[in-house]
Trainee: 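For reference, the structure I am asking about is given below.
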Amino acid sequence: MAGIHLLDIEAAINWWRRRSPSPDGINACAEVRALAKVYALMVYERREEQDEDAMPAEALMAWLDWYATTPDAPCIAICSTSQGDEVCKGCGRSFDEVQHWPRMTPAEKRATWRRITLQGTAWRFNRYAERAAPTPAEPPPRD
């Protein structure tokens, strides 16, 4: 199975801290505490990834809640794998990743996202970055 990267766990912790701030500045919500235990062990053991199958249930559920708020597929609707390329020029995924995306686990998807983001060579990161940008919120109605 795929591993969940340390930075994804950190992002989930920060998301939960914003979502459920500490009422007294000391005690964190249950989701932050569950993720923090995993994060602390990873830092202590100098591991970059946590096996998703070995992750405690509470931490995995908290991570999956954060994951549900992230973009699913890196596709920008310019797919060169359909034209025979082994790696898509638009999103940076391999042909197999594009084909198997619906069956990939969240950790496998995040690993793919991490790789293509670090590479930064796909058009979604340069030539067509506006297609990858989140859609702006609709402006409030005028009176």
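Quick note: residue numbers are just sequence positions, from 1. Just so it is clear, the model here is predicted, and its values are computed rather than measured.
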Trainee: Over all heavy atoms of both residues, which pair between I4 and I9 is shortest? Give the atoms and the distance, please.
Mentor: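 Of all heavy-atom pairs spanning I4 and I9, the closest is CG2-CG1, 3.7 Å.
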
Trainee: In this structure, which one of R114, E49, R47 forms a side-chain hydrogen bond (donor to acceptor under 3.5 Å, both in side chains) with H5?
Mentor: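 Exactly one candidate clears the test, R114.
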
Trainee: Please answer whether the main-chain N or O of D65 pairs with a side-chain N or O of T69 as donor and acceptor at a distance below 3.5 Å.
Mentor: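 No; judged by distance alone, with no hydrogens or angles, the pair does not exist.
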
Trainee: Quickly, which of R19, K37, R17 forms a side chain to side chain contact (heavy atoms under 4.5 Å, CB included) with V32? Name it, please.
Mentor: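 When side chain to side chain contact (heavy atoms under 4.5 Å, CB included) is applied between V32 and each of R19, K37, R17, only R17 qualifies.
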
Trainee: Does the side chain of T105 reach to within under 4.5 Å of the side chain of R110, using non-hydrogen atoms?
Mentor: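 Not touching, per the 4.5 Å side-chain cut-off.
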
Trainee: Flag the pair R115 and E97 as a salt bridge only when some basic side-chain nitrogen lies within less than 4.0 angstrom of an acidic carboxylate oxygen.
Mentor: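 Here R115 pairs with E97 in a salt bridge, since their nearest N and O are under 4.0 Å apart.
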
Trainee: Is the side chain of D24 donor-acceptor paired with the backbone N or O of N27 at a distance under 3.5 Å, no angle test?
Mentor: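 Checked: pair present.
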
Trainee: Tell me if a side-chain donor or acceptor on S80 pairs with a main-chain N or O of D85 at a distance below 3.5 Å.
Mentor: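 Looks like no, no N/O pair under 3.5 Å.
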
Trainee: Evaluate the side-chain proximity of W66 to T70: yes if any heavy-atom separation is below 4.5 Å, no if none is.
Mentor: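 With C-beta onward as the side chain, the pair touches.
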
Trainee: Would you tell me whether W101 and D72 have side-chain atoms, one donor and one acceptor, within less than 3.5 Å of each other?
Mentor: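 Indeed, the side chains of W101 and D72 share at least one donor-acceptor pair under 3.5 Å.
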
Trainee: Kindly give the heavy-atom pair with the smallest separation between A122 and G92, and that separation in Å.
Mentor: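 Smallest heavy-atom distance, with atoms named: CB-N, 3.4 Å.
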
Trainee: Show your working on side chain to side chain contact (heavy atoms under 4.5 Å, CB included) between V87 and R93 and close with a plain yes or no.
Mentor: CA-CA 6 Å; V87 174; R93 292 179 291 169; over 6 Å; no

Trainee: I'd like to know if the side chain of W16 and the backbone of A62 have a donor-acceptor N/O pair within less than 3.5 Å.
Mentor: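 Yes, because the side chain of W16 sits within donor-acceptor range (under 3.5 Å) of the backbone of A62.
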
Trainee: How close do P74 and R124 get, heavy atom to heavy atom, and via which atoms?
Mentor: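 Minimum heavy-atom separation between P74 and R124: O-NE, 2.7 Å.
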
Trainee: Which atoms form the tightest heavy-atom contact between A12 and W63, and what is the distance?
Mentor: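 Closest approach of A12 to W63: CB-CD1, 4.0 Å.
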
Trainee: Can you establish whether the number of heavy atoms outside E45 located under 6.0 Å from its atom CD is more than 12?
Mentor: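 Counting other residues, nucleotides and ligands, CD of E45 exceeds 12 neighbours.
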
